[in-house]
Amino acid sequence: MLDSTIDSLNSGESPLLRTIGLTKRYGDFLANDSIDIDIRSGEIHALLGENGAGKSTLVKAIYGLIQPSAGEIRWRGERITLSGPSDARRRGIGMVFQHFSLFDNLTVAENVALGLDGKESFKDMSARLERVSKTYGLPLDPRREVWQLSVGERQRIEIVRALMQEPKFLILDEPTAVLTPQEADQLFVVLERLKAEGRAVLYISHKLEEVKRLCDTATILRGGRKVATCNPGLETAASLARMMVGGEIKEVKAASGRKTTVPRLVVNDLSLAPGEAHGVRLEHISFELKGGEILGIAGVAGNGQDELFAALSGERLSKDPGTVVIEGIAAGHLSITQRRKLGAAFVPEERLGHGTAPRMKLSENALLTGHAASGMVHRGFINAAATLDTVDRATETFDVRKAKRDPEAASLSGGNLQKFIVGREILRNPAVLVVNQPTWGVDAGAAAVIRQALLDLAAAGAAVLVTSQDLDELTEIADRIAVMFHGKLSAPLATSEATRERLGLLMGGSSLEPKEAAHAVGA
Amino acid sequence: MQLVLEKRAERSGTIALVSPLIAIGLTILTMVILFAILGKNPLLALHAYFIAPLTDGYSLQEIAVKATPLVMIAIGLSLCYLANAWNIGAEGQFLIGAVAGSWIAVRTQGTDAGAWVLPAMLVLAAAAGALYALIPAICKVKFGASEILTSLMLVYVADLFLDYLVRGPWRDPHGFNFPTTAEFDPVATVPLLIEGGRLHLGSIIALLVVAAAAILLARTIKGFEIRVVGAAPRAARFGGFNANQLVILTFAVSGALAGLAGVIEVAGPVGHLQPGISPGYGFTAIIVAFLGRLNPLGILIAGLFLALTFIGGEQAQIAMKIPLDVTKVFQGILLFYVLACDSLILYRFKLVFPNRQVTRGAG
């Protein structure tokens with residue numbers, strides 16, 4: 001071992017950071033299985049993998065958030081043990097998390113000050129904050145309170161905060177997941193600049209085109225192991241996907257000759273005040289969705305998608321019944337149970353705690369949404385056989401993998417639980433299905449099953465509304481795509497017309513050229 | 001080496017059953033130490049507490065009599081707690097039920113009122129208990145007031161109200177100025193099951209309540225609603241269940257059961273209304289509810305067990321001069337261990353040996 005240390009010190013070009021046999025064990029589960037990775041100064045290194053492949057575990061170990069069970073981390077050739085994130089930052093390792101840690105009611109400068117370890121005065125720090133943000137083209141007003149900022153601006157705070165510590169190595173966890181295509185392009189300029197300055201960037205993503213464009217090297221993880229290190233520029237998106245998934249991904253196919261029928265879900269001038277502090281106000285939302293049709297709603301998270309879901313499902317009621325019309329019946333004032341009885345079904349974004357009660361069995365979770373209209377309840381008494389039957393049918397139809405016949409919801413993996421939730425709703429043959437983020441955090445295999453199920457449901461004549469942040473998903477399955485921004489919904493574009501550029505403009509709040517908009521309405 | 005709590009993938013059914021037993025074992029161990037500190041022979045004390053009451057028929061009946069209010073109240077409380085509504089004021093609802101039922105008994109005293117008196121007392125007591133419990137429930141739903149505080153504070157209101165009545169308007173004129181009503185007429189008394197014994201009809205009612213709660217929770221959509229609102233409030237709202245309505249309903253039901261237990265106690269074993277009709281049944285029932293895992297059958301067993309501690313405490317006081325307050329210490333320690341052991345259902349202990357290679361530090 002001593003020899004190898006000297007060896008790597010002597011080798012002319014020692015990597016900035018190297019892990020050797022890095023292993024993290026949780027009980028019997030190997031989250032990282034002996035991973036070797038080399039990251040050099042002046043490169044943008046992609047870390048690719050599906051959910052659960054071990055990406056987060058690996059970067060948490062590199063950032064000092066968790067201690068590896070075995071193996072070592074070398075920083076500039078020297079073996080190190082990180083006592084925690086502040087230790088990592090002191091050495092020059094920075095990280096921008098996917099989920100921001102910002103206080104809504106504090107200003108930008110106050111948030112940055114809280115995250116810095118240094119002892120400089122608040123005034124000096126604010127001045128430096130403005131300087132760094134200007135230098136890198138990440139404009140920020142230090143005095144604004146965070147709740148007023150868009151998601152993209154919030155991410156800028158996190159990036160600037162990391163850059164203010166002069167990192168030699170910056171880790172970014174799925175930074176573009178919350179950005180419009182244009183904002184993502186701006187971010188890439190910043191990353192190219194960091195690279196030119198000789199810093200290293202570890203870029204976690206599962207957007208393959210992005211990685212091909214931006215990254216010099218890619219390390220691919222699958223099931224906790226490293227499967228390959230390659231130059232993504234020389235690979236195709238399909239070959240990268242094959243390495244990530246370990247096989248071909250099933251193509252999602254739309255049934256040909258799908259016919260649209262009568263309007264099944266109509267929203268008329270729906271406006272709703274936010275239910276909680278810093279929530280989004282829905283403003284004059286109108287659309288019409290016919291049977292056989294899939295309407296996609298794109299948009300950066302936090303622009304009113306959750307509020308729209310609550311208003312459509314009936315978790316929040318509208319004073320005016322006519323704002324939401326399900327199957328021709330004014331339903332704005334009806335409860336979620338009454339809307340289900342009209343033939344509507346809903347799949348929320350959050351699987352555990354919203355879509356299911358985590359510590360209850362699947363059969364009980366089938367009852368959760370099925371009690372209204374599925375013959376599961378007779379004169380107030382539960383028909384246990386009927387609830388179990390739903391579990392069995394969902395398991396068979398949607399390939400839900402689980403350890404026993406009727407386990408607790410929380411014991412299923414994200415993908416399998418999502419297949420169960422979507423299956424539970426589809427098995428009720430809904431006339432209208434409203435889905436929020438159908439494949440969020442789900443592995444590629446399960447995502448394909450779910451998208452196919454949505455297409456098949458539309459083909460069978462149902463109206464399907466899909467809200468997603470994943471533009472590729474929407475273009476794959478939706479017939480028309482509308483964009484949500486600041487609680488307003490744009491006019492839908494036919495998917496063939498909905499280029500990334502156009503959607504990106506709408507997601508950023510710009511309206512399309514009058515000519516284009518007219519064209520969109522005609523489509 | 002360190003001891004860590006590790007989350008289980010699924011809740012452990014075995015531990016859910018065993019955890020109350022572990023808690024009882026730990027409590028007894030603690031009591032042994034406590035008895036030793038008090039200078040009493042722990043073995044004799046434990047015998048007086050747990051064995052002696054089980055050896056004669058009179059004590060066995062007395063255990064059932066004491067368990068009756070505990071079980072009835074605890075069943076109601078368990079519905080509240082399952083639905084995440086924290087009714088701490090069952091003691092007050094118990095007293096108000098006793099007062100309301102006694103009102104009929106006092107008004108009909110010495111008249112030729114017939115067999116309707118006792119049923120009317122039971123119904124009125126249940127209604128009064130429910131209404132009294134609705135005060136904190138409505139304050140919570142309408143104004144967001146903490147039901148824990150309001151329900152608890154109303155206990156003292158009920159206690160003093162009862163005190164006022166038996167010292168003032170309802171005092172027995174021939175009672176030598178003792179704060180008590182006159183002995184209730186036979187038509188206003190809960191009938192005994194065995195002539196000359198202690199066991200009364202209330203115990204049968206308690207068993208029926210247990211059976212009804214078991215069916216409600218396991219088989220009906222309302223029972224499911226109660227469980228899911230408590231376990232996952234957001235999922236419950238998504239399921240179409242209204243948490244506020246359920247707070248109102250569970251408080252009303254538990255208040256009614258506590259009120260019913262109250263009137264059965266005064267019209268049964270006590271026979272008249274007086275202060276101190278409850279040795280803290282409403283509070284001990286909280287322990288019964290948790291020791292019984294908020295499960296009807298479990299509550300029946302836990303109710304009998306805690307009734308045993310009441311009787312055993314009296315025996316120990318008589319035989320060994322151990323203060324009766326030790327019983328309350330016992331009950332408090334028991335609740336503490338029950339709640340502590342419950343974390344083992346979702347978590348397990350694990351010994352962790354950190355990897356030596358890693359801890360050695362930078363080389």
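All of these numbers come straight from a predicted model, not from anything done at the bench. Per chain, numbering begins at 1; letters A, B, ... match sequence-line order.
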- Item | Interface moiety of A:Ile336 toward chain B, non-hydrogen atoms closer than 4.5 Å | side chain
- So which bits of residues 253-260 of chain B come within less than 4.5 Å of chain A, counting non-hydrogen atoms only? none
- Item | Contacting moiety of A:Glu364, where chain B heavy atoms sit under 4.5 Å | both
- Note on the structure: Applying ring-ring contact (aromatic ring centres under 6.0 Å, His included) to B:Phe290 and not counting sequence neighbours gives B:Tyr81
- Message: Which atoms of A:Arg340 are under 4.5 Å from chain B, going by heavy atoms: the side chain, the backbone, both sets, or neither?
- Response: side chain
- Message: Can a donor-acceptor pair be found, under 3.5 Å and without considering hydrogens, that links the side chain of A:His371 to the backbone of B:Glu225?
- Response: no
- Note on the structure: Output for pair (B:Arg227 CZ, A:Met360 CE), nearest 0.5 Å, gives 4.5 Å
- Would you say B:Phe224 and A:Val377 make side-chain contact, with heavy atoms under 4.5 Å? no
- Query: Which atoms of B:Ile215 come close to chain A, meaning under 4.5 Å heavy atom to heavy atom: side chain ones, backbone ones, both, or neither?
  - Reply: side chain
- Task: Dump the intermediate steps for side-chain contact (heavy atoms from CB on, under 4.5 Å) on B:Phe241 and A:Thr337, then the final yes or no.
- Result: CA-CA 8 Å; B:Phe241 304 131; A:Thr337 301; over 6 Å; no
- Item | Which portion of A:Phe346 sits near chain B, non-hydrogen atoms under 4.5 angstrom | both
- Taking atom CG of A:Asn383 and atom CZ of B:Arg219, what is their separation to the nearest 0.5 Å? 10.5 Å
- Message: Shorter than 4.5 Å, heavy atoms on both sides: which option in B:Gly240, B:Ala235, B:Ala232 has the most such pairs with chain A?
- Response: B:Ala235
- Query: Who pairs with A:Arg316 by side chain to side chain donor-acceptor pair (under 3.5 Å), at least two apart in sequence or on another chain?
  - Reply: none
- A:Leu367 vs B:Val228 side-chain heavy atoms within contact, under 4.5 Å: no
- Query: Heavy-atom count around A:Lys361 NZ within 6.0 Å, excluding the residue itself: above 12?
  - Reply: no
- Query: In terms of heavy-atom pairs under 4.5 Å with chain A, which of B:Gly239, B:Pro233, B:Ala231, B:Gly223 leads?
  - Reply: B:Gly239
- Item | Those residues that, when tested against B:Phe238, pass ring-ring contact (aromatic ring centres under 6.0 Å, His included) (two or more places apart) | A:His354
- Task: Let me know if A:Ser313 has heavy atoms under 4.5 Å from chain B in its side chain, its backbone, both or neither.
- Result: neither
- Message: To the nearest 0.5 Å, what is the distance between CZ on B:Arg237 and OG on A:Ser335?
- Response: 13.5 Å
